[in-house]
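Before any comments, here is the structure.
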2 protein chains.
Amino acid sequence: MVEFRVDRASGLPAYLQLGRQVREAVRLGRLRPGDRLPTVRDVVATSGVNANTVLKAYRELELAGLVEARQGSGTYVKATLGTAAPEVLEELRGKFAKWVIEARAAGLEAEDIDALVRAVLSGGPDGA
Amino acid sequence: MVEFRVDRASGLPAYLQLGRQVREAVRLGRLRPGDRLPTVRDVVATSGVNANTVLKAYRELELAGLVEARQGSGTYVKATLGTAAPEVLEELRGKFAKWVIEARAAGLEAEDIDALVRAVLSGGPDGA
DNA sequence: TCTATTGTCTTAGTCGACTAGAACAATCTG
DNA sequence: CAGATTGTTCTAGTCGACTAAGACAATAGA
């Protein structure tokens, strides 16, 4: 089961946060085809957002072909994303986690790490 | 000089994107105390956002004590962020860049990498 | 079949982000 | 001093995200 975390202060619309979390979970293999997403009413109770907001997120995912909504039953994961094997992901996760530990040990704050990672990933200035 | 990139499709308010880019630049040492930020009118011409939006971003940075606005002259970086030495940052950047290359070589798409990085950094499920 | 559960839709309204265009104020430069 | 440059303020308006509360529709399970 997936737990949603909606950060109201982030500035990012709630429905986008929900959508992204589902996509990432599918991408990382934490959600597989056939798995059921939390109920609309569940998410409402858990995250405090409105039902329409959750519905909007789910509808976009359905439109993308990623999930399937069955009235009276629930919303189910339909497809997969990403082609990476679980073991490969695990190994890479471990290496990156080590890098983070090293960065922290070097005195970098969380925001320093964020900035560094973002700079490289965005392919932007001083990036790749 | 810093170049701003405002992504209108990201959902994140433009003024937050601008503010974050300044903070990150300061954090990575690409902006130092005394450096001048792009003119409000410059940003308007470059990124297409409204002057009031740019102003809102700059005002928040000033309120945070990070920059100083001098009317008729410009907006200048006032303080520093982060405590990491440039060489340390460089070394860490290089190691992370290598990790990214390895991930790509393993078949991961950009979004796979994003998801993995975010999962670890957020300290969330399967995180640190 | 009956009932609870779940997705879905409707209407109405609030609020923040953003735009538009103009004007003003302080500073720098020649 | 004169003109250009820059930050700043103002008013008015648009649009999307979100809330609120209720009702409807289809499915699952007893």
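In what follows, chains carry the letters A, B, and so on, assigned in the order in which the sequence lines appear, proteins first and then strands, with residues in each chain numbered from 1. Remember, predicted model here, so these are calculated numbers, not experimental data.
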**Report entry** Minimum heavy-atom distance B:L28-A:A119, with the two atoms named
**Finding:** CD1-CB, 3.8 Å
Query raised in the report: So, B:Y15 versus B:Y58, ring centres under 6.0 angstrom or not?
Result: no
Query raised in the report: Under the salt bridge (Lys or Arg N to Asp or Glu O under 4.0 Å) criterion, do A:E24 and A:R27 qualify, and how do the steps go?
Result: CA-CA 5 Å; A:E24 287 184 4; A:R27 216 166 257 288; over 6 Å; no
Query raised in the report: Pick the nucleotide of DNA chain D nearest each of A:T53 and A:G72; which residue has the one closer to the 5' end?
Result: A:T53
Query raised in the report: Hey, is B:K95 close enough to A:E102 for a salt bridge, meaning N to O under 4.0 Å?
Result: yes
Query raised in the report: Rounded to whole angstrom units, what separation is found between the CZ atom of B:R36 and the P atom of C:dC28?
Result: 11 Å
Report summary line: Per nearest nucleotide of DNA chain C, the residue lying toward the 5' end, B:A14 or A:T39, is A:T39
Query raised in the report: Tell me: CG of B:L37 to C1' of D:dG7, nearest whole Å?
Result: 12 Å
Report task. Using atom CD of B:Q71 as one end and atom P of D:dA4 as the other, report the distance to the nearest whole Å. Result -> 18 Å
Report task. Answer yes or no: does a side-chain N or O of A:K56 lie under 4.0 Å from OP1 or OP2 of D:dA17? Result -> yes
Report summary line: Assert: residue with more 5' nearest nucleotide on DNA chain D, out of B:E62 and A:V49, is B:E62
Query raised in the report: Should A:Y58 be listed as having a side-chain N or O under 4.0 Å from OP1 or OP2 of C:dG7?
Result: no
Requested in this report: Starting at atom CG of B:D42, determine the distance to atom P of D:dT5, rounded to an integer number of angstrom.
Outcome: 11 Å
Query raised in the report: According to a strict under-4.0 Å criterion, is B:R8 in side-chain N/O contact with OP1 or OP2 of C:dA17?
Result: no
Query raised in the report: Below 4.0 angstrom from OP1 or OP2 of D:dT5, is there any side-chain N or O of B:S73?
Result: no
Query raised in the report: Rounded to the Å, how far apart are B:R41 CZ and C:dA23 C1'?
Result: 11 Å
Query raised in the report: Would you say A:R59 reaches C:dC9's phosphate, i.e. side-chain N/O to OP1/OP2 under 4.0 Å?
Result: yes
Query - Atom-to-atom span, CG of B:N52 to P of C:dA23 - whole angstrom - result: 15 Å
Query raised in the report: Separation of B:L55 atom CG from C:dC24 atom C1', in whole Å?
Result: 14 Å
Query raised in the report: Nearest-Å distance, CG (A:N50) to C1' (C:dG7)?
Result: 14 Å
**Report entry** Ionic contact status for B:R59 with B:E62, cut-off 4.0 Å
**Finding:** no
